[in-house]
J.: 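Sharing a structure, written as structure tokens. Questions coming.
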Amino acid sequence: ERLSEIQGQAPRRVVADAHAVLAALQTHTDAPKPAGAQLHLLVRTPEQLDAALDLAPASVTMDYLDLDGLRPSVDRARRRGVTPRVAAPRVLKPGEQRIVDSLLRLECALLVRSSGLLQMLQDRVHPELVGDASLNAANAVTAGVFLNLGLARLTPSHD
């Protein structure tokens, strides 16, 4: 009964002010600072994008459920000097070429989450492609295949 009670409780989360954390990192002289370290963020809503842009990250990846709201968000990121990237759907079914066309019209880097999308882009002019862990590249052979298909970078599988 006690275990069931504990499992039903929401975990305690501490949310820090991102500006304060970044300022502390920049002023703390003892903290090791990796050369060339940059902040890259993923957002799921326009409201999260607004908060992310205030932090002036190097890039922001937009993983919106509705692709219709992407154009204004991509434009807003560019106006603020932040590199935009759009997360493509994890699953593309046959006949969904219009989704690929919409993504390409954004003219920004794409986070590729499916080999199907990578295949669809082989004969098309496309922006920078970044491979997501969803591609399940768990070894050097698989990573090599994906990189040879046009990915600029690849996040390895969680395996």
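Residue numbers count from 1 along this sequence. Reckoned from all heavy atoms, side chains included, excluding hydrogens, waters and symmetry mates.
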J.: Under 4.5 Å side-chain heavy-atom separation, chaining through any Ile, Leu, Val, Met, Phe, Trp or Tyr, what else clusters with L111? Say none if it is isolated.
T.: V130
J.: Does a side-chain heavy-atom distance below 4.5 Å link T61 with H40?
T.: no
J.: Considering all heavy atoms of both residues, which atom of P127 and which atom of L110 are nearest to each other, and what is their separation?
T.: CG-CG, 4.1 Å
J.: Please report the closest heavy-atom contact between Y64 and S73, naming both atoms and the distance.
T.: OH-OG, 2.8 Å
J.: With sequence neighbours left out, what residues match E47 under salt bridge (Lys or Arg N to Asp or Glu O under 4.0 Å)?
T.: none
J.: Check R71 with D75, please: is the shortest side-chain N to carboxylate O separation under 4.0 Å?
T.: yes
J.: Let me check something: do V91 and F146 share a hydrophobic cluster, defined by ILVMFWY side-chain heavy atoms less than 4.5 Å apart, either directly or through other members?
T.: no
J.: For D123, does the CG atom have more than 12 heavy-atom neighbours from other residues, nucleotides or ligands under 6.0 Å away?
T.: no
J.: Which pairs pass side chain to side chain donor-acceptor pair (under 3.5 Å) with one or both residues in residues 138-153, sequence neighbours excluded?
T.: E128-R153, N139-T142
J.: State, to 0.1 Å, how close P156 and A133 come at their nearest heavy-atom pair, and which atoms those are.
T.: O-CB, 3.5 Å
J.: If I take atom NE2 from residue H126 and atom CE from residue M120, how far apart are they, to the nearest 0.5 angstrom?
T.: 14.0 Å
J.: Under the side-chain hydrogen bond (donor to acceptor under 3.5 Å, both in side chains) test, which residues partner R80, sequence neighbours left out?
T.: D54
J.: Can you name the residues that form a side-chain hydrogen bond (donor to acceptor under 3.5 Å, both in side chains) with Q7, not counting sequence neighbours?
T.: none
J.: Between L70 and P84, is there a side-chain heavy-atom distance shorter than 4.5 Å?
T.: no
J.: Begin with the C-alpha distance, continue with both residues' side-chain angles, and end with the deciding distance and a verdict on side chain to side chain contact (heavy atoms under 4.5 Å, CB included) for R44 and L65.
T.: CA-CA 7 Å; R44 297 187 191 282; L65 187 59; over 6 Å; no
J.: Do C108 and M62 come within less than 4.5 Å of each other through their side chains, counting heavy atoms only?
T.: no
J.: For the CG atom of L149 and the CD atom of Q122, what is their distance to the nearest 0.5 Å?
T.: 4.5 Å
J.: Among residues at least two apart in sequence or on other chains, which ones pass side-chain hydrogen bond (donor to acceptor under 3.5 Å, both in side chains) with T83?
T.: none
J.: Atom CG of D132 and atom CG of L42: how far apart are they, to the nearest 0.5 Å?
T.: 9.0 Å
J.: Do L151 and L129 make a side-chain contact, defined as non-hydrogen atoms from C-beta onward lying under 4.5 Å apart?
T.: yes
J.: Please, which pairs that meet salt bridge (charged side-chain N to carboxylate O under 4.0 Å, His left out) have at least one residue in residues 141-151, sequence neighbours excluded?
T.: none
J.: Looking at L103 and A88, what are the two nearest heavy atoms and their distance?
T.: CD1-CB, 3.8 Å
J.: Residues in salt bridge (Lys or Arg N to Asp or Glu O under 4.0 Å) with E107, at least two apart?
T.: none
J.: Pairs in or reaching into residues 108-119: which pass side chain to side chain donor-acceptor pair (under 3.5 Å), with residues at least two apart or in two chains?
T.: D63-R113
J.: Nearest 0.5 Å please: distance from the CG atom of L135 over to the OG1 atom of T155.
T.: 9.0 Å
J.: Can you name the side-chain hydrogen bond (donor to acceptor under 3.5 Å, both in side chains) partners of R79, sequence neighbours left out?
T.: none
J.: Would you compute the distance between atom CZ of R124 and atom CD of Q97 and round it to the nearest 0.5 angstrom?
T.: 5.0 Å
J.: Can you tell if the side chain of L121 reaches within under 4.5 Å of the side chain of L104, non-hydrogen atoms only?
T.: yes
J.: What residues, two or more places apart in sequence or in another chain, satisfy salt bridge (Lys or Arg N to Asp or Glu O under 4.0 Å) together with R98?
T.: none
J.: Return the CG to CZ distance between L53 and R76, rounded to the nearest 0.5 Å.
T.: 6.5 Å
J.: Would you call V112 and S134 a side-chain contact if the rule is heavy atoms closer than 4.5 Å?
T.: no
J.: Sequence neighbours left out, what passes side chain to side chain contact (heavy atoms under 4.5 Å, CB included) with D66? Give chain and number order.
T.: D68
